[in-house]
Amino acid sequence: MGEFDELEASVHGLDGPVAEQIHAALEHCRAPIVVQVAGRAGVGRTSVAAALGLAPDTVTTPVDAIGRPNPTLDADVVVYVVAGAPHPADQPPQERTLLVRNKVDLSDIRGDGLPMVATLALTTARHEVTSGDFERFRALAQSEDATLLLAEPLFGSAEADVKRDDRVALLQRWGFAGVACAVTALRRDHRLDTARLHRILRSASGVDAVAAELSARVAAARASRRDVLYADLAAIVARTGCEPVERFVRAAAHV
Amino acid sequence: MSDAALNDVLDRWDPQPPPVHRAGVFVTSQAVLRELAYVGVLVATDAARAAAALIVLDAGTAPGRTEAALAAEFAAAGRPALLVHDNPDGGGSGLVVSSRLARLARELPDERIRDASRIEDLAGVVRRACDEPSTDPLPALLAQTRDRITAAVPADTDTAALQRERARLLGARDGGRTEAVAALRAAVQQARVDLAHEVGTRVRAVNAAARADADGGQSGFLDRFGEAVHKAAAAVDRATERRLADLHRSLLGTAPAPAAPAPPPDLGAPPEPVRRRVEDRMTIVLGASAGLGLGRFAVAPLANLPALEVAAMPLTLLIGAFGAWWLARSRAQMADRARLRQWASDALANLKAQLEQRSVGRLLAVEADIADRLAVRAADRTVDIEDRLATVDAEMRRRTTERSACARDLEVLARHARELAGTGARGAASNPA
C-alpha cells in the first residue's frame, strides 16, 4: 500500500530515535491483519477456512483437545466455529471474535453466530449443477413422501422416482444439505435453471454472509491500526515538533 | 473381619461417601436427554447419583477434555460411560442417534422416522448399562482411602524439626539464668579487683603527699591533709559509680539507681597536743649539761685573759642554757613530725579500710540488685519457654496420636485388601457404603 510512501519519503532524511519511532509505527500499521479459525475438534474449522478462502495455517489446534493446551487466540480477527449444541468448552474471546455456527443443517438448535454449511459452500465453489443432477433434483421434487428431506438416513428409503444409486451419487456430490436445499427450491419454483439453482445453493451455504462479515472485521481491524498510527504520529509531533510528520498528520485530518 | 471397623475407617476418611443408591443415566445433551426421557429411560440430573453416563457428541464433533474428564470420573467409580454421536454428518461410527429425528417422530408419528432416529436402540443400550451391576467399588474405595491416609500422615521431617526445637527449648529452660549469673559473678569479681586497686592507688598518693607535707611541720598540715583525703574519697566514689554503671549496662542494659551521697570519711581524732614528757625533761637536762660542757670548752681560752675571767662564768652558763634550749627544741620538732607521720599513716590505713568497705558495699548492693533483676527476667523467659515447650509437646503428642491412628486405619485397609485379594471379587451386598 502506497498511502504512507509520502510520509516515508519526507522523513527519509531524518534519523535517530524520531525516525525509528516513525518507522516502528508504520511497521505496526502495515503488518498483515492476522485471522485465526478456531473451535473444538470436528466442528469443521478446516472446511470453514477453505470456504472463506483462508490459508490452511490460519486453522488453530483444536480447543479442549485431550492432552493438549488450548490454542492462544490472539489474532486480529478470530473466526470461532461451533457446531451442534452449545458446549461448555467453547469460550471464544469476547472481543475480535466472529462466531460461526457450522453444520446448521444437522441440528435444530439455534443460537448466536452466523449460520453456515461449509461443506456445501465448498461444493458450490468446486462444482456446477450439471443437467443430470438438475433432472434428478427435479424428479425428487416430484416426490410426495414427507420423510424424503427429513434426514440423511431416511433419504435413501423415501419413495421417489430416482434410483438408489443416483441418490447416493447426489449425496456424495452435494451432501444431504445440498440435496435438501435443491429439492426444496425446485418444489417452490419449478422454473429455476441450473445457474440460479447453483446461486441458491451457494446462498444457502451462508458463506457469503460470513465472508462479508469477515472482510468487514478485517477492514475494521485495518482502520483501527490506522487510528493507532495517527495517534502515535500525533504523539511524536507533540514531543518533537517534527515538521514533515506534522504536515502529514494535518493533511490526514483534513481528509 | 469386622465390616464395622472398615466402615468406620472409610467414613472417617471420606467426607463425601458415595451415594447409597445410584440410578438413571446422566446425559450431556439436553436434546438427547429429553428424547430418552420420552421413551421411558430413567435419567439423572446429578452426575454423582447417576448409574451411568451418556456422553453425547453433537454434529460430528470429536470428544475433548470435557468428555474425557467425565468418562474418567465415571470409570473411577466403576460406572459405565457411553459415547454416542448425535445428528452426525455422514454415517457416524459406533453408537449413533438422531435426537432431531426422534423429536420429529413424536410430532409425525411415523415408524420409519422413529426407526431412523435409533432412539429405541440407544434406550436399550442405556438401560442395559444402567442395570449392569457396577463393578465392585470397594477396591477403588480402599485404594482411594489409603492414598488419603498416606497423604495425611504427618511427615517425619516435621517431627524431627519439632524434636530439635524441643531440645533447644529444654536447654534454655532456666531462661538463661545460669549464664547471666556466671557473667555477673565474673564481672563483680573484676570490678572488686579494679576498685581495690583504685582505692590503693588513691590512698598511696595521699600518703606520699602527706609524708612530704609533714616534713614541713604542723602548721596547716591537718587542713591540707583533710582536703586531700576528701578529694581521694570523692575520686574513689566516682570511680566506683562509673564502674557500677558499666556493670549495670553490660548486664541489664539499663543505668543503675544513683547512690545516696556518701558521708565524708572519718579520719578519727586529730593528733593530740604535745605534752611534756619525761624524755623532754631529760633532753633539757642533757642539753643543759652538754651546753655547760661545751660552754666550758668554749670559754677555756678566756681563762688566760684575766680581764675577761669575770665574764667566763656567765658566758658558760649562757652557752649551756642555749644548748639545752636548742636540743630540747630540735628534739620536740622531731618528735612532732614523727607523731604527725604516725597519725597520718594511721588515718590513711583507716581511710583505706573505709573506702574499700564503701566501694565493696556499694558493689555488693548493686550486685544484689542486678541479680534480682536477672532472676525476674529469667523467670519471665522461663514462663515463655515453658509455654512453648508445652505447645511443642502437645503438637508432638498430637502427631504421635495421629500417626498411630493412621497406622491403625491403614492396617484395617490392608487387612481388607488382603482378604479381597484372597476371596476374589466381593458381592455388591458387602459394599460398605
Side-chain angles (χ1 to χ4, degrees), chain A residues 39-47 61-71 81-91 101-111 115-120 145-159 168 171-172 175-178, chain B residues 26-35 47 54-73 83-94 96-122:
Chain A
R40 285 178 296 121
V43 293
R45 290 163 296 140
T46 317
S47 307
T61 55
V63 171
D64 197 40
I66 296 167
R68 202 190 279 185
N70 282 352
V81 186
V82 296
H87 194 278
D90 279 327
Q91 302 288 340
R101 205 150 39 77
N102 192 28
K103 308 190 190 182
V104 280
D105 56 313
L106 291 181
S107 72
D108 302 327
I109 293 154
R110 296 285 170 263
M116 189 166 170
V117 184
T119 47
L120 180 58
D145 194 335
T147 65
L148 178 70
L149 300 179
L150 279 183
E152 194 174 332
L154 290 170
F155 175 68
S157 57
E159 283 174 26
V168 171
L171 274 184
Q172 271 175 356
F176 180 69
Chain B
F26 178 76
V27 187
T28 61
S29 152
Q30 284 303 311
V32 177
L33 181 141
R34 197 170 45 234
E35 297 312 322
L54 184 63
I55 300 170
V56 181
L57 301 171
D58 201 10
T61 54
R65 283 197 297 274
T66 314
E67 287 76 20
L70 187 63
E73 186 190 324
L83 213 59
V84 65
H85 293 272
D86 185 22
N87 305 320
D89 45 1
S93 58
V96 174
V97 74
S98 173
S99 60
R100 185 160 158 263
L101 285 181
R103 185 175 65 73
L104 285 171
R106 283 192 282 113
E107 288 164 5
L108 322 161
D110 185 316
E111 280 307 308
R112 283 177 302 166
I113 303 178
R114 176 173 291 272
D115 291 348
S117 77
R118 298 165 83 168
I119 189 72
E120 289 290 359
D121 298 349
L122 180 65

Exercise. Hey, could you give me the OG1/NE2 distance between B/T28 and A/H87, rounded to the nearest 0.5 Å?
Key: 7.0 Å

Self-check item: Heavy-atom pair count under 4.5 Å with chain B, highest-scoring of A/P88, A/A85, A/A89
Solution: A/A85

Quiz prompt | Atom pair CG/CG of A/L150 and B/L108 - distance to nearest 0.5 Å | solution = 6.5 Å

Quiz prompt | Within 6.0 Å of CD in A/E159, more than 12 heavy atoms from elsewhere | solution = no

Quiz prompt | Partner chain A: residue of B/A69, B/S98, B/G60, B/A68 with the largest heavy-atom pair count (under 4.5 Å) | solution = B/G60

Practice problem: With sequence neighbours excluded, tell me which residues meet salt bridge (Lys or Arg N to Asp or Glu O under 4.0 Å) with A/D64. | Solution: B/R65

Quiz item: Hey, what do you get for CZ (B/R100) to CG (A/D105), rounding to the nearest 0.5 Å?
Solution: 7.5 Å

Quiz prompt | Toward chain A, the part of B/T66 with a non-hydrogen atom under 4.5 Å | solution = both

Quiz item: Say you draw a straight line from CD1 of B/I113 to CG of A/L154; how long is it, rounded to the nearest 0.5 Å?
Solution: 6.0 Å

Quiz prompt | For the student: nearest non-hydrogen atoms of B/T61 and A/A83, plus distance | solution = CG2-CB, 4.3 Å

